[in-house]
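Labels below follow one simple rule: chain letters A, B, ... track the order of the sequence lines, proteins then strands, and each chain is numbered from 1. Just so it is clear, the model here is predicted, and its values are computed rather than measured.
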Amino acid sequence: MMNDKIKLCYDVPADDFTRAGEASSNVKSKLKMMGVNPEIIRKVAIAMYEGEINMVIHAFGGTIDVVITPDEIEMVLKDDGPGIENIELAMQAGYSTAPDNIRSLGFGAGMGLPNMKKYTDELNIDSTVGVGTTVTMKVKMNER
Amino acid sequence: MTIKDIRDILGARFIYGEDHKDREVHAACGSDMMSDVLAFVKDSAVLLTGLCNPQVIRTAEMMDIICIVFVRGKMPDDNMIEMAREKGIALLSTGHRMFSACGMLYEKGLRGGSPYR
């Protein structure tokens with residue numbers, strides 16, 4: 001298969017709910033073309049999509065860098081949004097600070113971060129209130 | 001059960017993807033909350049939803065869902081249909097409500113997978 005390190009970079013636009021998910025969709029297509037195991041692709045796609053939606057809902061968009069190596073896929077989602085006040089609380093299934101209009105769009109059920117944890121092998125959240133949030137996720141190429 | 005069977009059971013009509021009618025569906029998920037759908041992983045699944053926006057198609061794409069049934073007569077717009085076409089996801093619309101539509105498919109043997117852990 002591939003031996004090289006591949007890096008993909010995306011800008012996630014602010015306030016454009018219709019287009020949210022385009023970066024995740026693109027990564028999914030690329031991994032498929034590379035012949036990556038479909039189960040791994042799905043884990044990456046879901047985790048990244050939840051993160052991308054979060055950036056549109058809670059922050060003002062941001063950037064996503066994806067690094068693909070033969071061992072793992074790393075996603076770094078960075079925004080200059082309001083930050084997460086209580087990460088432990090945000091990780092609880094069902095806890096949400098999303099406004100009601102987001103719920104009517106099908107999100108804001110408080111499942112975003114729990115899903116990101118569920119589908120990745122590593123999840124690290126570095127957030128400072130008023131400064132921004134960086135979420136780093138890794139999915140191993142070899143299934144456990 | 002095939003996508004065509006789902007259409008027949010629900011008296012639904014194809015909005016896109018009649019070509020996919022013979023594909024086998026192995027599981028179903030019914031929800032208006034996309035994050036709940038994203039917590040559900042099953043191969044070759046159908047999604048029943050009353051939500052009608054582009055993120056429904058995106059969610060289905062991420063999950064490798066092969067068919068979306070819009071309940072209560074909801075109709076996706078042209079942009080959504082185009083997204084579904086690009087990803088090869090069949091779209092059906094039925095006049096039945098969510099509870100009834102899910103029940104009708106369950107009665108015919110379609111299942112939703114194991115309980116959430």
message = Less than 4.5 Å to any heavy atom of chain B: does that hold for the side chain of A:Y119, its backbone, both, or neither?
response = side chain
message = Tell me whether B:E61 contacts the main-chain N or O of B:K87 through its side chain, where contact means a donor paired with an acceptor under 3.5 Å.
response = no
inquiry  = So for B:M63, is it side chain, backbone, both, or neither that comes closer than 4.5 Å to the heavy atoms of chain A?
reply    = both
ask   = Would you say B:T94's side chain and B:L10's backbone share a donor-acceptor pair under 3.5 angstrom?
value = yes
ask   = Between A:I41 and chain B, which part of the residue has a heavy atom less than 4.5 Å away: side chain, backbone, both or neither?
value = neither
inquiry  = Between A:Y49 and chain B, with a heavy-atom cut-off of 4.5 Å, which part of the residue counts as in contact: side chain, backbone, both or neither?
reply    = side chain
remark   = Ranked by heavy-atom pairs below 4.5 Å to chain A, first place among B:L38, B:N53, B:D32 goes to B:L38
ask   = So, does B:Q55 use its side chain to make a donor-acceptor pair with the main chain of A:A20 at under 3.5 Å?
value = yes
inquiry  = So for B:T49, is it side chain, backbone, both, or neither that comes closer than 4.5 Å to the heavy atoms of chain A?
reply    = neither
Heavy-atom pairs under 4.5 Å with chain B, option from A:P38, A:S25, A:G21 with the top count = A:S25
query = Are A:R42 and B:D43 within salt-bridge range, i.e. N to O under 4.0 Å?
reply = yes
inquiry  = Are more than 12 heavy atoms, taken from residues, nucleotides or ligands other than B:D77, located less than 6.0 Å from that residue's CG atom?
reply    = yes
key: Trace of the side-chain hydrogen bond (donor to acceptor under 3.5 Å, both in side chains) decision for A:N101 with A:S104   = CA-CA 5 Å; A:N101 69 310; A:S104 68; over 6 Å; no
